[in-house]
There are 2 protein chains.
Amino acid sequence: MTLLAEAARRIPLNRDRVLSAAVVLADEVGIESLSMRRLAQELGVVPMALYKHVANKEELLGGMVDTIVGEIGPPVPDAPWKSAVRLRVLSARQVLLRHPWARPVIETRTNVTPAVLGYMDGFAGMFLTGGFSVDLTHHVMHAMGSRMWGFTQEVFDDSAGAGNQHAQVPADARAAMAQQMAENFPHLFKIAAVAAHEDGSVVGNGCDDQYEFEFALDLLLDGFERLHQQNWTSGGGKGK
Amino acid sequence: MTLLAEAARRIPLNRDRVLSAAVVLADEVGIESLSMRRLAQELGVVPMALYKHVANKEELLGGMVDTIVGEIGPPVPDAPWKSAVRLRVLSARQVLLRHPWARPVIETRTNVTPAVLGYMDGFAGMFLTGGFSVDLTHHVMHAMGSRMWGFTQEVFDDSAGAGNQHAQVPADARAAMAQQMAENFPHLFKIAAVAAHEDGSVVGNGCDDQYEFEFALDLLLDGFERLHQQNWTSGGGKGK
DNA sequence: ACCTGAACACCGTTCAAGT
DNA sequence: ACCTGAACACCGTTCAAGT
């Protein structure tokens with residue numbers, strides 16, 4: 001690591017090198033461990049050197065998002081709006097899955113960069129060229145929300161949750177937990193039980209994230225399609 | 001403030017007092033300024049005293065979420081599932097609007113507490129008692145995502161965005177910005193223009209957050225209803 | 001003019017010394 | 001046994017002193 005840092009030291013720092021190093025570091029150690037100081041160390045540079053290429057940490061995070069937005073492929077041309085949107089969302093999802101830190105960062109971003117605006121503009125463009133009214137496109141963009149980036153706000157968070165502990169927890173304790181669950185949260189228990197059964201395994205959460213994502217995505221897209229065909233307008237309920 | 005802290009000093013600290021003080025503090029100064037040290041100071045107590053009632057900051061945040069989950073009213077009894085869900089979401093939304101810090105905290109929470117599980121269980125219960133299959137309820141819960149808590153993941157983030165700056169930016173600079181926007185992000189520009197027109201004002205972002213939220217919510221609920229009436233099942237695409 | 005070490009004003013949390 | 005001051009190992013960022 002010090003050798004690599006030493007070698008990297010020779011070629012001069014620039015914004016791109018800072019940003020891609022930050023992306024790699026966040027991929028490796030997680031966003032909570034990404035600090036200016038640690039990033040500088042990884043680049044074989046004094047912390048203050050970073051501030052020549054990035055105003056502060058906020059701007060660093062914004063630049064990191066820009067970097068991975070660049071990884072999302074361009075929209076497929078000449079496709080009907082529905083499949084165009086679907087493909088673009090799913091390709092964004094692939095990128096976001098490669099960079100798990102991006103979800104919380106995008107969610108908390110406050111200054112939208114041109115690259116992000118460009119992605120959103122292209123997104124709106126797919127609906128507009130698909131014949132959607134500007135009005136409907138507006139609301140549809142809001143309804144997409146974070147799903148535009150290929151992620152859902154998971155409230156269960158199966159990844160870090162009970163699933164991982166299962167391996168270590170002894171069987172009898174697990175049974176006790178299950179009974180507690182059944183007593184206190186009967187509805188969730190039912191759902192979990194059926195999901196686990198469908199999954200064919202006893203351990204694990206029984207949720208196929210990709211399936212859940214596409215379920216919700218298609219539900220929305222079908223809804224959009226229906227409104228579009230009905231020439232829906234926002235009517236008088238809105239504004240003053 | 002010191003007087004108040006002095007007075008509060010007498011009555012002994014307990015978990016509830018710590019948690020509600022944290023909620024009030026986060027409401028006032030924002031979540032990014034909520035530190036263990038500052039919270040202790042506000043309570044007229046040495047920082048280490050907090051650790052008697054809360055294991056660490058993570059647990060503090062979890063407890064804060066529990067506190068405001070308690071502010072969400074109980075589900076209305078004997079209502080059809082659709083309006084029951086709708087009302088509960090909108091009442092959760094009112095609570096979350098009072099505590100803006102809660103959104104990012106809920107989003108990044110990793111250990112789900114019993115109170116949160118209880119809320120989710122009640123939520124699932126509305127669909128199940130409404131006649132939904134366990135299978136459909138499962139996927140519907142995922143599709144709800146953070147909308148269960150009454151918030152959407154906004155990607156625009158109008159609140160802190162360009163809207164607030166408008167007041168200070170001179171008219172000619174604003175016109176230049178608008179032209180830049182029209183050139184670089186034509187689709188977004190169209191949407192913003194129509195929204196501003198509907199809003200009846202030139203400044204402002206022209207987005208009625210409540211309208212946007214309900215638009216997406218109703219789109220989902222209508223989709224759920226349709227699937228339910230069709231006796232939808234997840235079929236063979238899922239699991240192995 | 002550029003670079004950078006030391007310093008500032010914070011964090012969350014541990015731990016040993018006090019009562 | 002309980003409480004707490006000092007300390008530890010960090011932060012992001014400012015700023016003045018060095019080249």
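Computation of the quantities below employed the complete heavy-atom set of this structure, encompassing side-chain atoms and omitting hydrogens, waters and symmetry-equivalent molecules. Just so we're on the same page: letters track the sequence lines, and every chain starts at 1. All values reported here derive from a predicted model rather than from experimental measurement.
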Whole Å only: how far is the [atom1] atom of [X] from the [atom2] atom of [N]?
X: A:Leu60; N: D:dC11; atom1: CG; atom2: C1'; result: 14 Å
X: A:Leu39; N: D:dC10; atom1: CG; atom2: P; result: 17 Å
X: A:Leu13; N: C:dT4; atom1: CG; atom2: C1'; result: 14 Å
X: A:Glu32; N: D:dC10; atom1: CD; atom2: P; result: 15 Å
X: B:Gln41; N: D:dG5; atom1: CD; atom2: P; result: 14 Å
X: B:His53; N: D:dC2; atom1: NE2; atom2: P; result: 12 Å

Mind checking the [atom1] distance from [N] to [M]? Whole angstroms is fine.
N: C:dC8; M: D:dG18; atom1: P; answer: 16 Å
N: D:dA9; M: C:dA9; atom1: P; answer: 22 Å
N: D:dT13; M: C:dT13; atom1: C1'; answer: 23 Å

Taking the side chain as every heavy atom from C-beta outward, state whether A:Arg147 and A:Leu220 have any pair of such atoms under 4.5 Å apart.
yes
Got A:Thr137 and B:Ile191 here, is their nearest side-chain heavy-atom distance under 4.5 Å?
yes
Can you say whether the rings of A:Phe215 and A:Tyr211 are parallel (under 30°), tilted (30 to 60°) or perpendicular (over 60°)?
parallel
Please identify each residue that fulfils side chain to side chain contact (heavy atoms under 4.5 Å, CB included) with B:Asp16, with sequence neighbours left out.
B:Asn14
What residues form a side chain to side chain contact (heavy atoms under 4.5 Å, CB included) with B:Ser91, not counting sequence neighbours?
B:Ile72
Regarding A:Arg93 and the six-membered ring of A:Phe151, is the cationic atom NZ or CZ under 6.0 Å from the ring centre and inside 45° of its axis?
no
Listing, residues 115-126 of chain A side-chain donor-acceptor contacts under 3.5 Å, not counting sequence neighbours, or none:
{"unit_1": "A:Tyr119", "atom_1": "OH", "unit_2": "A:Met148", "atom_2": "O", "d": "2.9"}
{"unit_1": "A:Asp121", "atom_1": "OD1", "unit_2": "B:His187", "atom_2": "N", "d": "2.9"}
{"unit_1": "A:Asp121", "atom_1": "OD1", "unit_2": "B:Leu188", "atom_2": "N", "d": "2.7"}
{"unit_1": "A:Asp121", "atom_1": "OD2", "unit_2": "B:His187", "atom_2": "ND1", "d": "3.1"}

What base-paired stems does DNA chain D take part in, with at least 3 consecutive Watson-Crick or G-U wobble pairs and both distances under 3.5 Å?
C:4-8 with D:12-16, C:12-16 with D:4-8
Using a strict 4.0 Å threshold on nitrogen-to-oxygen distance, state whether B:Arg37 and B:Glu42 make a salt bridge.
no
Check side-chain hydrogen bond (donor to acceptor under 3.5 Å, both in side chains) between B:Glu71 and all other residues, then give those that pass, not counting sequence neighbours.
B:Arg98, B:His99
Within the 4.0 Å limit for protein heavy atoms, which parts of nucleotides 12-19 of chain C are touched? Write it as a string from 5' to 3', B for base, S for sugar-phosphate only, - for none.
BBB-----
